[in-house]
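Note that the structure is predicted; figures quoted are calculated from it, not measured.
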Amino acid sequence: MLVNSHFRHPLLMMMTTNDKDDVLSLKSVIGFSGSVSDGLHYTPCGKFVVFPLGSVIVLRELSSKKQHFLEAGIDKKISCVAISKEGSYLTAGHETSAADKAEVVVWDLKKSIDNTKNVDASSSDDNNNCVLHILSQHHKRVQALDFSCDEQYLTSLGGQDDNDVVVWNVSSGVAICGSPASSDFSYCVKWLNKRNDRFVTCGNFHIRVWQVCTSTPKLHPIDVSMGSIRRVMQCLCISGDDSFAFAGNKTGEVVKINIERDEIKPFDEPETCHPSLVGYNKDRFSKGVKSVSCVVNPITGNTNLIVGAGDGTVQILNPNLQRIPSHTTTLHGGVTSISLNPDGKSFLVGTEYSQRYSIDISTFTPELRETAHFGEIHDVVFPQKSSEIFVTASEHDIRAWSYSKKRELLRINVPNTTCYAVDITPSGENIVSAWSDGKIRSFYPESGKLQFMIPNAHSDAVRSLAICNSEGDDSSRWHLVSGGDDGTVRLWCINETHQVMVHSMKEHRGAVNSLVCNGDGSQAASASADGSCIIWDLKSGTRVTALYDNTVFNSICYHPDESQYITGSANNKIGYWDQSDGSPIRFIKGGEDDITSLDIHSNGTLFVSGGADKNVNVWHYDDGKILSCGKGHSGSISKVTLSPCQKIVVSTSLHGGIFLWDLS
């Protein structure tokens with residue numbers, strides 16, 4: 001088979017040769033890609049936790065909670081992560097929707113950890129220099145990765161469209177040998193703990209034990225005899241003495257495999273030792289077994305098994321695969337990652353709902369460490385006078401976050417609905433939100449309790465909203481403008497006891513994607529999918545002017561002096577428009593794909609944009625040139641917002657991550 005490797009990938013060259021001032025500094029992140037199987041890891045030194053978010057690997061110090069970032073200039077979603085046994089190397093595989101190569105990146109982890117002692121948490125320049133190799137072989141997705149026990153070799157397993165297994169030399173980055181992993185899809189690969197020439201793979205209806213011959217070079221697989229058992233095996237671990245492999249399957253069982261096999265023999269000599277099924281648990285786990293890890297009982301010396309199930313169950317099984325009743329708990333979301341603390345007293349658990357827990361092995365009491373969105377984030381907003389708190393809108397919930405502590409302060413759940421937009425009144429007494437069920441809901445910011453609800457605010461989903469103003473000094477009476485999927489724009493008068501629709505304006509023929517009010521709340525600008533932006537007089541409920549283009553408008557902003565508007569659209573253009581008559585002034589290319597969100601600095605000299613090309617760009621307003629670019633998202637950016645202090649940019653995307661950028 002043809003195998004290629006690149007020691008200096010073009011994307012990496014571009015990232016490392018750019019001037020430092022051109023790169024928007026990533027200050028911190030909130031989130032965790034919980035859907036990545038076995039994505040959460042302790043480092044062998046026990047001082048850091050490693051996990052993926054978007055296209056970035058986060059290296060988080062346990063003592064200070066500082067974050068450091070490992071990047072390689074690749075904007076694809078990370079699909080798998082592995083750390084070598086001694087902690088010398090870290091690797092990550094990527095996935096892409098296009099029919100091109102999915103890269104494997106190898107970092108010098110020890111060097112990266114050393115850099116954390118000398119650089120600020122927001123700096124990634126030195127960590128970019130820790131990239132050892134960017135390896136290109138697999139198509140569309142890298143499914144799994146693992147290092148040999150001596151850190152000499154790395155095995156990569158391709159996804160469903162590839163399904164090849166490749167063994168790499170870690171020091172040189174050269175592929176030694178490769179082979180189809182199986183006739184069916186494979187999920188996982190694990191090296192033995194004491195041999196550098198043998199590993200195990202598992203997948204749809206098969207488990208294979210592989211022997212690596214580096215002198216030939218060639219891979220020699222043997223299929224495990226499973227008898228009448230046919231299961232989809234999706235996770236794997238190896239006992240410390242290399243005698244057994246344990247595989248979890250979608251049926252909810254853990255199968256125990258004797259992985260002893262013959263050394264490589266001539267083709268005409270019969271096999272005397274064949275890997276085979278030993279047994280499996282009779283008491284199945286609900287929604288399948290998604291993660292397994294071996295742990296040694298310090299008293300008996302037996303190898304027990306930590307099992308993570310799709311229903312959130314975490315359970316310890318004894319060597320006979322029987323449940324230990326005292327060591328079980330249930331978490332929020334299917335368990336996708338289990339990582340043992342090097343001290344042997346506890347372990348980390350990551351769930352598909354992007355929750356991270358620490359569990360003490362002796363008491364088996366879970367402690368929630370971090371929370372994050374697991375679905376698409378559609379909006380983010382700061383209160384007018386505070387840069388310490390911001391609020392995000394996502395699937396099923398609204399969450400308030402502390403900027404300094406990077407943790408969740410409040411969660412408001414509305415089951416089976418999606419929140420598309422959120423805003424906060426100037427007084428800070430209301431969190432107002434737009435929902436997919438056509439309702440507008442307002443919540444108290446301290447308790448999260450429902451304050452009021454406007455049913456049937458729009459016939460379809462409420463897509464956008466904006467707080468207009470309060471009447472004089474009376475914060476109990478204010479106005480709200482909303483836009484729906486049906487194209488209507490409506491003005492609401494909000495009182496303590498009731499809510500009244502003042503105007504309903506229907507000129508758009510497509511969804512109202514963005515709404516913004518001017519400084520005194522007398523006007524509102526709406527950007528629509530029908531190719532128009534309309535400026536509304538809110539007192540009379542009539543159109544002032546309109547902007548037209550042959551595109552879908554995703555965002556609109558007033559310039560602070562209100563002499564111009566800027567728009568972001570699906571034809572990857574940023575438009576400047578004259579306020580007086582709505583005529584276009586100029587258009588600039590905003591990126592390689594749709595522009596989805598804009599926000600402008602309070603002094604009007606800068607603005608930021610986010611788009612489907614995954615980049616956060618800072619622009620000079622008059623020159624129309626990019627001053628700096630932030631890379632880290634692996635999906636389309638849904639919203640970019642400047643903090644009231646104008647020193648922080650918050651960007652959110654459709655993969656659930658929140659990125660905080662340093663604008664200073």
Side-chain angles (χ1 to χ4, degrees), residues 1-7 9 37-38 79-86 88-95 101-109 131-203 206-224 233 236-238 242 245 259 261-265 275:
M1 63 183 298
L2 180 63
V3 178
N4 299 316
S5 66
H6 301 279
F7 301 111
H9 194 277
S37 180
D38 201 23
S79 57
C80 53
V81 179
I83 296 178
S84 62
K85 188 173 182 179
E86 299 298 324
S88 300
Y89 305 106
L90 183 147
T91 184
H94 296 78
E95 68 172 309
K101 298 288 186 180
E103 294 86 354
V104 175
V105 183
V106 182
W107 286 273
D108 186 330
L109 182 58
V131 176
L132 297 178
H133 312 293
I134 297 182
L135 314 171
S136 297
Q137 172 59 37
H138 299 289
H139 290 277
K140 294 190 74 173
R141 177 182 171 93
V142 182
Q143 180 67 31
L145 295 161
D146 199 34
F147 287 97
S148 62
C149 59
D150 60 356
E151 303 183 329
Q152 187 175 350
Y153 305 117
L154 169 68
T155 299
S156 60
L157 178 63
Q160 190 165 7
D161 297 295
D162 181 273
N163 207 34
D164 284 341
V165 60
V166 180
V167 178
W168 307 83
N169 184 296
V170 175
S171 60
S172 65
V174 174
I176 299 172
C177 51
S179 168
S182 175
S183 59
D184 212 329
F185 178 47
S186 298
Y187 281 96
C188 192
V189 58
K190 291 291 180 184
W191 282 85
L192 269 62
N193 296 300
K194 297 180 179 179
R195 297 188 58 158
N196 71 344
D197 62 346
R198 193 171 289 179
F199 61 87
V200 182
T201 61
C202 68
H206 72 273
I207 301 176
R208 285 186 144 189
V209 182
W210 298 74
Q211 185 83 20
V212 183
C213 179
T214 56
S215 58
T216 312
K218 194 175 181 181
L219 292 173
H220 297 259
I222 293 181
D223 287 306
V224 175
M233 308 295 177
L236 188 67
C237 68
I238 311 294
D242 291 340
I259 57 176
R261 56 162 284 182
D262 292 324
E263 301 297 327
I264 298 174
K265 290 187 174 185

**Q** Which heavy atom of L219 sits nearest a heavy atom of P221, and at what distance?
**A** O-CD, 3.5 Å
**Q** How close do L145 and A92 get, counting heavy atoms only, and between which atoms?
**A**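 Scanning both residues completely, I find the closest heavy atoms to be CD1-C, 3.6 Å.
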**Q** Just how far is it from atom SG of C188 to atom CG of L157, taken to the nearest 0.5 Å?
**A** 8.0 Å
**Q** For D242, is there an ion pair with K194 - N to carboxylate O distance below 4.0 angstrom?
**A**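 Salt bridge absent between K194 and D242.
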**Q** I would like to know whether T91 and W107 meet side chain to side chain donor-acceptor pair (under 3.5 Å); could you show each step before the answer?
**A** CA-CA 6 Å; T91 184; W107 286 273; over 6 Å; no
**Q** Regarding S79 and E95, do their side chains bring together a donor and an acceptor under 3.5 Å, going by distance alone?
**A**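 Distance-only check fails for S79 and E95.
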**Q** Just so I know, are the side chains of V106 and L154 near enough to count as touching, which here means a heavy-atom distance under 4.5 Å?
**A**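 The answer is yes; the side chains approach within 4.5 Å.
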**Q** Between W210 and A181, which heavy-atom pair has the shortest distance, and what is it?
**A** CZ2-O, 3.2 Å
**Q** Check whether any side-chain heavy atom of H138 sits under 4.5 Å from a side-chain heavy atom of S156, and report yes or no.
**A**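 A side-chain contact under 4.5 Å exists here.
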**Q** Using a strict 4.0 Å threshold on nitrogen-to-oxygen distance, state whether K140 and E103 make a salt bridge.
**A**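 Salt bridge between K140 and E103, a charged N being under 4.0 Å from a carboxylate O: no.
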**Q** Go through the side-chain N and O atoms of D150 and S148 and say whether any donor and acceptor fall under 3.5 Å apart.
**A** yes
**Q** Between CD1 of I264 and CD of Q211, what distance do you get to the nearest 0.5 Å?
**A**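 Between I264 CD1 and Q211 CD, I get 4.5 Å after rounding to 0.5 Å.
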**Q** Thinking salt bridges, do K190 and D38 make one under a 4.0 Å N-O criterion?
**A**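 Salt bridge: yes.
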**Q** Quick check: are there more than 12 heavy atoms from other residues, nucleotides or ligands sitting under 6.0 Å from CD of Q160?
**A** no
